[in-house]
J.: 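Sharing a structure, written as structure tokens. Questions coming.
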Amino acid sequence: MLDPKFLKPYDAQSSEGRIYSTWENSGYCNPDNLPHNRTEPFSIVLPPPNVTGTLHMGSALMLALEDMIVRYKRMQGFKTLWIPGTDSAAIATQARVEKNIQNAEGKSRYDLGREELLRRIDVYVESTKNIIIGQMRATGASLDWSRYAYTMDAERYSAVMHAFIKMYEAGLIYRGNRIVNWDPKGQTTISDDEIVYEERDAMLYTFTYGKEFPIPIATTRPETKVGDVAVAVHPSDERYAEYVGNVYDAVFCDVPIRITVVADHTVDREFGTGAVGVTPAHSLADWDIADRHNLQRPQVINEYAKMTVEGRLHGKKTTVAREEVVAWLRSEGLLITEEKIKHNVATAERTGGIIEPLPKLQWFVAVNKEFTRPDGTVDTLKEVMRRAVDSGKTTFLTERFEKQYRHWVENLRDWCISRQIWFGHRIPVWYQGDASKVQVTSPGEGWSQDEDVLDTWFSSGLWTMTTLGWPNDTEDLRTYHPTALIETGYDILSFWVARMILMSGFFLNDVPFKTVYFHGIVRDGQGRKISKSLGNNIDPVDLAAKYGMDAVRIALIMGMAPGTDSKVDENKIRGYKNFANKIWNIARFVLENTEGTDLTETHVFSAEDQEDLAALSRTVLDVTKHMDEYRVDLAADRAYHYVWHTFADEVIERAKPILKGTDAVAQRATAAKLYTILTTSLKLLHPFMPFVTEEIWLALPQKDAELLLIAPWPKSAIQ
RNA sequence: GGGCGAUUAGCUCAGUUGGUAGAGCAGCGCUUUUACACAGCGAAGGUCACAGGUUCGAGUCCUGUAUCGCCCACCA
């Protein structure tokens with residue numbers, strides 16, 4: 001008897017939760033439970049969504065894409081593992097909890113103290129994490145929840161500590177004064193990605209340091225010039241060649257300075273006067289010049305953006321000092337020109353404060369420093385990152401991102417890994433006076449731990465390893481690392497992918513993944529990036545309630561080539577809801593007309609039947625090929641068109657008169673053919689639309705697996 | 001400023017080694033035929049941004065132009 005559920009249109013809402021539980025309870029998302037003694041592994045580690053967040057379209061796309069690939073591989077017989085996790089999102093989470101406490105109790109983090117704040121954050125995370133986890137389940141993601149990891153759980157925490165100590169022991173982590181982005185307003189350093197550049201009007205002043213000084217230079221920040229130690233010119237600039245190597249003394253606005261003329265290839269001959277006043281302590285580029293020419297690095301501005309030099313500028317704010325210096329230059333007759341220019345000013349995203357580049361004691365990972373591996377070979381981290389791609393061990397699915405990656409690696413400088421917040425992996429270094437010890441626990445009375453925590457990308461870089469049990473030599477790590485694929489948004493290229501390659505390259509001397517798949521950014525109907533500040537977030541879970549998650553999933557990936565952006569269009573989703581119903585009705589028709597057909601008997605297929613089965617075979621071949629190349633969009637498109645426009649519109653329509661006719665042999669053959677095409681189609685569609693296909697599969701009278709989740713992927717008769 | 005892309009039907013986008021252009025949605029006409037109106041059938045719609053070049057042949061390769069966008073650097 002036909003299951004009465006087919007008498008009504010497909011109702012996604014009543015199916016999805018139940019179907020997901022069926023999958024989860026089956027245990028098959030854990031590769032240890034998969035049938036048929038599988039040996040060849042296929043693994044993906046999910047880029048962990050923010051633990052306190054809600055699912056947005058970007059994560060829904062990521063989950064859908066990865067689930068499609070994972071389901072395909074699982075059906076193909078791979079020992080398939082997909083590890084779920086959540087990310088602590090340190091800066092964002094701490095900021096939110098601080099804000100909540102400020103609003104509710106009027107207290108700052110300093111009122112609470114470090115320990116109490118961290119306790120509050122844990123409580124908050126614990127109370128919100130089920131939202132995101134529930135939403136991840138709602139997408140149908142066939143994740144192995146038994147291996148769930150959180151970036152701040154005990155296992156991951158101790159792995160991160162281990163990593164820090166090992167890299168320190170290898171001489172790759174050091175503490176040093178470097179120019180950092182200091183936010184005088186927030187009294188903290190901030191990372192490059194938290195900087196917002198604002199275009200503002202500025203005055204470009206051209207002047208010389210003193211009457212005897214032969215080379216004019218230009219600046220928008222005259223007050224920093226009291227910290228100058230050199231003037232840099234291009235090595236092949238004839239205008240200044242005769243001065244290179246000369247040293248000049250001057251008293252600049254009450255401050256004695258000594259300027260050496262140096263030749264440096266980074267200088268742009270065309271800009272300004274073609275000569276740069278080098279202020280090592282207050283400009284990143286100048287710091288590097290000072291590095292190359294062994295120059296002093298006097299600091300003239302402090303953490304409050306006030307001048308520290310003696311004389312008339314002492315204690316003044318930089319903006320006030322600027323006026324003062326300009327007035328002095330003018331009165332001394334040293335000012336040559338003033339020119340109004342447009343100028344990008346770096347400001348802090350969170351506080352709006354103007355970034356002051358300052359030298360500060362920070363922890364760094366040295367990317368160009370040589371280290372020796374246990375086997376005696378010498379390597380550098382930058383070389384590791386280069387080699388991963390050059391060797392072909394890691395390949396980028398989209399070529400242009402490989403170029404971008406190489407470009408990024410070539411320009412990489414030492415990586416500043418300390419952050420001045422409280423929530424995160426705290427730097428395992430202890431101080432007592434001038435002594436320091438690098439270890440996880442306190443060396444004893446009188447020692448105090450470094451206040452800073454690690455950059456979130458330090459721990460994220462270890463993610464493929466720590467989720468598999470590293471630093472322990474686990475069965476999982478041996479089996480599933482390197483992972484097959486990393487799949488993430490291309491906006492995260494430099495931050496994450498490169499750091500994972502770095503970490504795996506250092507610790508395991510291997511790549512973290514074989515293929516890098518970047519999906520595009522999901523934009524709103526107007527092509528804008530989805531963001532909280534625009535308030536244009538469309539909740540994929542809401543859309544799924546309306547159209548079904550299958551429709552949302554396939555709409556997100558259809559037509560989305562790797563690396564290209566897409567827009568969320570509700571009409572598109574509605575179209576695929578109709579498709580889900582189409583599949584439903586195809587199943588109803590086939591099941592109604594094939595009841596009692598024995599598929600084990602040998603049928604006499606007509607020429608037309610054989611052609612229909614050949615078309616099915618070609619479809620299997622194409623979908624398989626596309627999936628093997630991770631072209632999920634093309635695979636889904638092929639399956640979709642076959643099922644709707646060949647199977648439904650042609651094969652079924654032609655079958656109707658035969659099924660109503662009197663030729664019993666042809667009837668049985670037709671029924672068998674339809675049933676074969678139905679079951680194969682369900683398999684082809686299952687990665688993309690898992691819920692509706694599984695719901696139908698459960699009602700099938702004859703099948704080769706209890707669940708479509710683990711049904712064998714069809715083989716094409718055509719090779 | 002350096003690097004990298006995009007420009008194809010009204011809208012959103014595919015088009016995998018060069019061989020007479022495709023889908024979804026919207027729109028038009030017809031059809032309520034027991035799988036499905038969340039449907040079917042049919043028609044329409046594009047000098048593939050522009051200008052050159054290579055080729056028997058270019059949406060596809062090369063050069064240039066225009067517009068839009070992304071990444072990096074931030075500029076003295």
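Residue numbers start from 1 in every chain, and the chains themselves are labelled A, B, ... in the order their sequence lines are given, proteins ahead of strands. Just so we're clear, the structure is a prediction, and the values are computed from it rather than from any experiment.
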J.: According to salt bridge (Lys or Arg N to Asp or Glu O under 4.0 Å), who are the partners of A:E592, at least two apart in sequence or on a separate chain?
T.: A:R588
J.: Distance check needed: B:A76 C1' versus A:D237 CG, whole Å only.
T.: 14 Å
J.: What nucleic acid atoms does A:H645 come within less than 4.0 Å of, heavy atoms only: base, sugar-phosphate, or nothing?
T.: sugar-phosphate
J.: Less than 4.0 angstrom from a charged side-chain N to a carboxylate O is my criterion; do A:E695 and A:K5 meet it?
T.: yes
J.: Mind checking side-chain contact (heavy atoms from CB on, under 4.5 Å) for A:N593 and listing every partner two or more places apart, or none if nothing turns up?
T.: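 For A:N593, the residues satisfying side-chain contact (heavy atoms from CB on, under 4.5 Å) (neighbours in sequence not counted) are A:F589, A:L659.
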J.: Would you call A:R221 and A:E223 a salt bridge, using N to O less than 4.0 angstrom?
T.: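 Judged by the 4.0 Å cut-off on N to carboxylate O distance, A:R221 and A:E223 do form a salt bridge.
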J.: Run the side-chain donor-acceptor check on residues 649-658 of chain A: report pairs under 3.5 Å with partners two or more places apart or on a different chain.
T.:
{"residue": "A:D649", "atom": "OD2", "partner": "A:H645", "partner atom": "ND1", "Å": "3.0"}
{"residue": "A:E653", "atom": "OE1", "partner": "A:K656", "partner atom": "NZ", "Å": "3.4"}
{"residue": "A:E653", "atom": "OE2", "partner": "A:K656", "partner atom": "NZ", "Å": "3.1"}
{"residue": "A:R654", "atom": "NH1", "partner": "A:E608", "partner atom": "OE1", "Å": "3.2"}
{"residue": "A:R654", "atom": "NH1", "partner": "A:D612", "partner atom": "OD2", "Å": "3.1"}
{"residue": "A:R654", "atom": "NH2", "partner": "A:D612", "partner atom": "OD1", "Å": "3.0"}

J.: Do the side chains of A:Y248 and A:V261 get nearer than 4.5 Å, heavy atoms only?
T.: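 SC-SC contact between A:V261 and A:Y248 confirmed.
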J.: Taking only residues two or more places apart in sequence, or in another chain, which ones meet A:E16 in a salt bridge (Lys or Arg N to Asp or Glu O under 4.0 Å)?
T.: none
J.: One character per nucleotide, please: for nucleotides 28-38 of chain B, 5' to 3', B when the base has a protein heavy atom closer than 4.0 Å, S when only the sugar-phosphate does, - otherwise.
T.: -------BB-B
J.: Remember a base hit wins even if backbone is also touched, and classify A:T220 as base, sugar-phosphate or nothing at under 4.0 Å, heavy atoms.
T.: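 The residue A:T220 makes sugar-phosphate contact but no base contact.
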J.: Using whole Å, what does the distance between atom P of nucleotide B:C75 and atom OH of A:Y205 come to?
T.: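 After rounding, the reported distance stands at 16 Å.
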J.: Would you kindly give the CH2-to-P distance between A:W287 and B:C75, to the nearest whole Å?
T.: 17 Å
J.: Could you list the protein-to-nucleotides 14-19 of chain B atom pairs, N/O on both sides, closer than 3.5 Å?
T.:
{"residue": "B:A14", "atom": "OP1", "partner": "A:T564", "partner atom": "OG1", "Å": "3.0"}
{"residue": "B:G15", "atom": "OP1", "partner": "A:R631", "partner atom": "NH2", "Å": "3.2"}

J.: RNA chain B: A:H641 or A:T219, which has the more 5' nearest nucleotide?
T.: A:H641
J.: The criterion is side-chain hydrogen bond (donor to acceptor under 3.5 Å, both in side chains); which residues satisfy it with A:R638, sequence neighbours excluded?
T.: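 Here the qualifying residues are A:D622.
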J.: Aromatic rings A:Y243 and A:Y240: how do their planes relate, parallel, tilted or perpendicular, breaks at 30° and 60°?
T.: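 Aromatic pair A:Y243/A:Y240 classed tilted.
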J.: List in chain and number order the residues that pass side-chain hydrogen bond (donor to acceptor under 3.5 Å, both in side chains) with A:T395, two or more places apart in sequence or in another chain; answer none if no residue qualifies.
T.: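 Partners of A:T395 by the side-chain hydrogen bond (donor to acceptor under 3.5 Å, both in side chains) criterion come out as none, since no residue qualifies.
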J.: Test of understanding: with salt bridge (Lys or Arg N to Asp or Glu O under 4.0 Å), list the residues that count as partners of A:D291, not counting sequence neighbours.
T.: A:R297
J.: Can you list every stem that RNA chain B is part of, counting only runs of 3 or more consecutive Watson-Crick or G-U wobble pairs with both distances under 3.5 Å?
T.: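 Consecutive-pair runs (3 or more) involving RNA chain B: B:1-7 with B:66-72, B:10-13 with B:22-25, B:28-31 with B:39-42, B:49-53 with B:61-65.
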J.: When the distance from CG of A:D264 to P of B:C75 is rounded to whole Å, what number comes out?
T.: 16 Å
J.: Can you tabulate the close N/O pairs, meaning under 3.5 Å, that link protein atoms to atoms of nucleotides 3-7 of chain B?
T.:
{"residue": "B:G5", "atom": "OP1", "partner": "A:K403", "partner atom": "NZ", "Å": "2.9"}

J.: If the threshold is 4.0 Å, N to carboxylate O, is there a salt bridge linking A:D550 and A:K577?
T.: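 Judged by the 4.0 Å cut-off on N to carboxylate O distance, A:D550 and A:K577 do not form a salt bridge.
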J.: Using whole Å, what does the distance between atom P of nucleotide B:G22 and atom CE of A:M558 come to?
T.: 18 Å
J.: In whole angstroms, how far is the P atom of B:A76 from the CD atom of A:E339?
T.: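 My rounded result for the distance is 11 Å.
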J.: Does any part of the side chain of A:D228, heavy atoms only, come nearer than 4.5 Å to the side chain of A:I217, both counted from C-beta?
T.: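 Yes, side chains in contact.
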J.: How would you list, by chain and number, every residue that makes a side-chain contact (heavy atoms from CB on, under 4.5 Å) with A:P298, sequence neighbours excluded?
T.: A:V229, A:Q296
